[in-house]
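Letters A, B, ... mirror the listed sequences (proteins, then strands); counts begin at 1. Note that these values count all heavy atoms, side chains included, but never hydrogens, waters or copies made by symmetry.
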Amino acid sequence: MNDELRYLAARAAAGRLNRRAFLGRAAALGATSVAANTLLSGAARAAGPKNGGTLTMGLGGGQSTDSLDPALAASQVPYMYLQTAGDRLTDVAPDGSIMMKLAEEVSSSKDAKTWTFKIRKGVTFQNGKPLTADDVKQTMERHSDKNSKSGALGIMKGIASMKVDGDNFVVELHTANADLPYLMSDYHLVIQPGGGMDDPMAGIFAGPYKIKHFEPGVRIVFEKYPEYWDKDVGHYDTIQMLVINDSTARNAALQSGQVQMVNSVEPRVADLLKRAPHMEVAVTSGRGFYCFNMFCNTKPFANNDLRMALKLGIDREELVKKILAGYGSVGNDMPVNKAYPLFDDTIPQRTYDPDKARHHLKKSGYDGKIVLLTADGAFSGAVDAAQLYQQSAAKAGIKITVQRAPNDGYWTEVWNKKPFAASYWGGRPTQDQMYSTAYISSAAWNDTRFKDPKFDKIIVEARGELDKAKRKEMYREAGMIIRDHGGLINPMFNQFLNAFDNTKVAGWEANPNGDMMNGLAGVLCYQA
Amino acid sequence: MNIVLKLVAQRIALGILLLLAASVLIFVGTNILPGDVAQSILGQSATPQALANLRAELGLNQPAYLRYLEWLGGVLHGNLGHSLTNGQDIATAISGRLANTLFLASVAAVIAVPLAVTLGLIAVRYRDRWPDKLISAITLTSVSLPEFLLGYIVIYFLAVKFHVAPSVATIYPGMSLLQKLHAVILPALVLVLVVQGQMMRMTRAAVLNLMQSAYIETAELKGLRPFLIIARHAFPNAISPIINVVMINLAYLVVGIVVTEVVFTYPGMGQYLVDHVAKRDIPVVQASALIFAAVYIGLNMLADVVSILTNPRLRHPK
């Protein structure tokens, strides 16, 4: 029996038997589906990825306003094309560790204030010019210039000085930061020849694919860059990204075979899509969450008992079930979860408790109306989520009034402006980055107006702590402060839902760092 | 003939004046949009510092009337400026998108206009009998359904179920005409269904109106075949109202099909405009709006001129 199974697996891996047929015949031979799947992926690895062919993806999240300048990237499609065409010094591996890209090695001084990146040798840009430490330095200078428009400007602020030392790029920090290699993996910090100073939109990078046609919001075509340093990736000859923002149109394109892979499958259609022939829905838990933010410095939210009442009055399980169709996990009023390195998962989970909520509401002495602003643009399903919240809170005597705001201008007029509003965060690679971005007193996007010197102190100290056990303990303490005193109501972490045709595409691996295998789906997948 | 030339010149002058008025409206409209360009470009993750830098770079600190005059001057010199968001030359970017929009509109129009007129004439010929009722029922249904629903129905049956035509209508330079035509089968079909109803109804109504006239009765008494009477004697005199409706629908095919573009992922002007409105990319929005206004005014002017030429009463006003 085993020989026959192995033979079938080899045939399936070579593409002569489709996956579904293989699993069916394996079941007939008495193998469990887990065993059969393991066998199949083992055989696929043994056969090795196939090279050649074209991958066409249908992607939501692209506009005709998208730019080739990495500094301006802010949505899914730019993220995808920068990951496909460009490389940074480092990247974050699926397990949360640091992966070396254009830096070969990274080391730090004992106080974590001086960091040395050894630049990889023999790397060339897609215009044929060799990569030097100067290109790296100029790239970082462009993003850290105080007149820069870069989305990475905030995280470059900790840098005191940069210099080139032979093949090394040396960074000097104002204060210690053990996470600098993670910061250098930020998706804006794609290394460009000459730092992109002359022409930031030239579209020349040092990644595995070269951009051949760039029509923002319509289509982007790549061809393999044969001189790419890592020969284990980049199996397709050509990659084509079609921007399809309408979710129904995206699914239709996948089912009719015009594209082989799509992103952002809506949770409510994921189960239907799974049942269609050859369709595989890949579900990945990430770090993104959907939330309601309260301003801790504005009445009535300035009272922690009221904040606690609102945290206890939300039915997290119900929201995950109804808004995410089960494709997510409950949040714990912290912006981090177990997808983060150094996360302590023994922190108790907060649950829906109308009685306790009523108790805290009484203690707060507030019994007026509470206005919650929401819009579909805040996150997918935000209006429904606010209404469900209103009902669950009403059972605890909390009177929430849901007010709908227009999508257009939500991020400029409502988010971070109104004291109680729906929002989302895409997450960051490390806990430090997430907390520093939005929860320390001085953060520009402190969207809960949370200001606690003790919390700030823990974050700064943890940043420079190189002992991982100690650091983990510090993050537990910081997390507990936010959970019990902060203004964040985090009912749910969403998941990335992508789908592909499993008779055409192989090599999918879950990567919690971002949508579509952290944007690397085109670079790592291959023809089935 | 002189009087015709004078009338046409008048129309054109009026059109230009109207366009100038539209340009003021467009400029004012884009300036009172809520929200901030810099914030929209940089998104949720923008730092206050980066925002301030971008605002200064975009020249948003100048007074509005100066910016209007500068913009108008540029437009008159054929210079539409550069996109704020991705730095592309607007004239180049728009010309590609406009060509796509005109291509799809022409394909749809070439099918829809003759079809609608023919169906209208058939409906008149068999007035109140089953062909008339069938035509009315079908056209009214397709007009009443929202475009996106028609689009989804067409995609479900013709693309997903039976693989007749592609659901993604993305066309790009380098495709042959045949490939392009193949790509736009479904969106063209939806647009034909959407626009032919109104044109067909107007043809039917206008021709029916004339069928009561004395000269039609004469033609009938002469023993001419009914369809010949409709096509030769009634239709030419009904052209004026029909041409007006046809032009409005043609204008719609150019300026109003953003929903169809989204459903079929067609790279036309509509999606281009919407993306740039969302990002507050003002120069692009202004340029697109101006082009839309020009198309609308131009086609309506054409309808007027054709009406004048085909109607002796308008050609010789007292």
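- When only modelled atom types and interatomic distance are considered, B/Ser167 and A/Gln258 share a side-chain donor-acceptor pair under 3.5 Å.
- Residue A/Val243 touches chain B through its backbone alone, counting heavy-atom pairs closer than 4.5 Å.
- Minimum interatomic distance between A/Ala249 and B/Val263 (heavy atoms only, all atoms of both residues): CB-O, 3.2 Å.
- Counting only heavy atoms from C-beta outward, the side chains of A/Glu215 and B/Pro173 approach each other to under 4.5 Å.
- By the 6.0 Å contact criterion, CG on B/Leu178 is open, its count of non-hydrogen atoms from other residues, nucleotides or ligands being 12 or less.
- Interface residue B/Thr170: only side-chain heavy atoms are found under 4.5 Å from chain A.
- Distance check, rounded to the nearest 0.5 Å: CD1 of A/Ile244 to OG1 of B/Thr265 gives 4.5 Å.
- To the nearest 0.5 angstrom, B/Ile171 atom CD1 is 11.0 Å from A/Arg219 atom CZ.
- Without hydrogens or angle criteria, B/Asp275 side chain to A/Ser64 main chain gives a donor-acceptor distance under 3.5 Å.
- Across all their heavy atoms, A/Gln255 and B/His163 have their closest contact at O-CE1, 4.3 Å.
- If you measure heavy-atom distances from B/Tyr152 to chain A, the contacts under 4.5 Å come from the side chain alone.
- For B/His276, the parts lying under 4.5 angstrom from a heavy atom of chain A are both the backbone and the side chain.
- Proximity to chain B is limited to the backbone of A/Asp66, based on heavy atoms less than 4.5 angstrom apart.
- More than 12 heavy atoms of other residues, nucleotides or ligands shown are found within 6.0 angstrom of NZ on B/Lys180.
- By the 6.0 Å contact criterion, CZ on B/Phe103 is enclosed, its count of non-hydrogen atoms from other residues, nucleotides or ligands being greater than 12.
- Taking a 6.0 Å sphere around CZ of B/Arg67, one finds it holds more than 12 heavy atoms contributed by other residues, nucleotides or ligands.
- Rounded to the nearest 0.5 angstrom, B/Ile155 CD1 and A/Asp246 CG are separated by 7.5 Å.
- By number of non-hydrogen pairs under 4.5 angstrom with chain A, the leading residue of B/Gln271, B/Lys161, B/Gln88 is B/Gln88.
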Test log, rule side chain to side chain contact (heavy atoms under 4.5 Å, CB included), inputs B/Val262 and A/Asn245: CA-CA 7 Å; B/Val262 170; A/Asn245 286 317; 5.6 Å; no
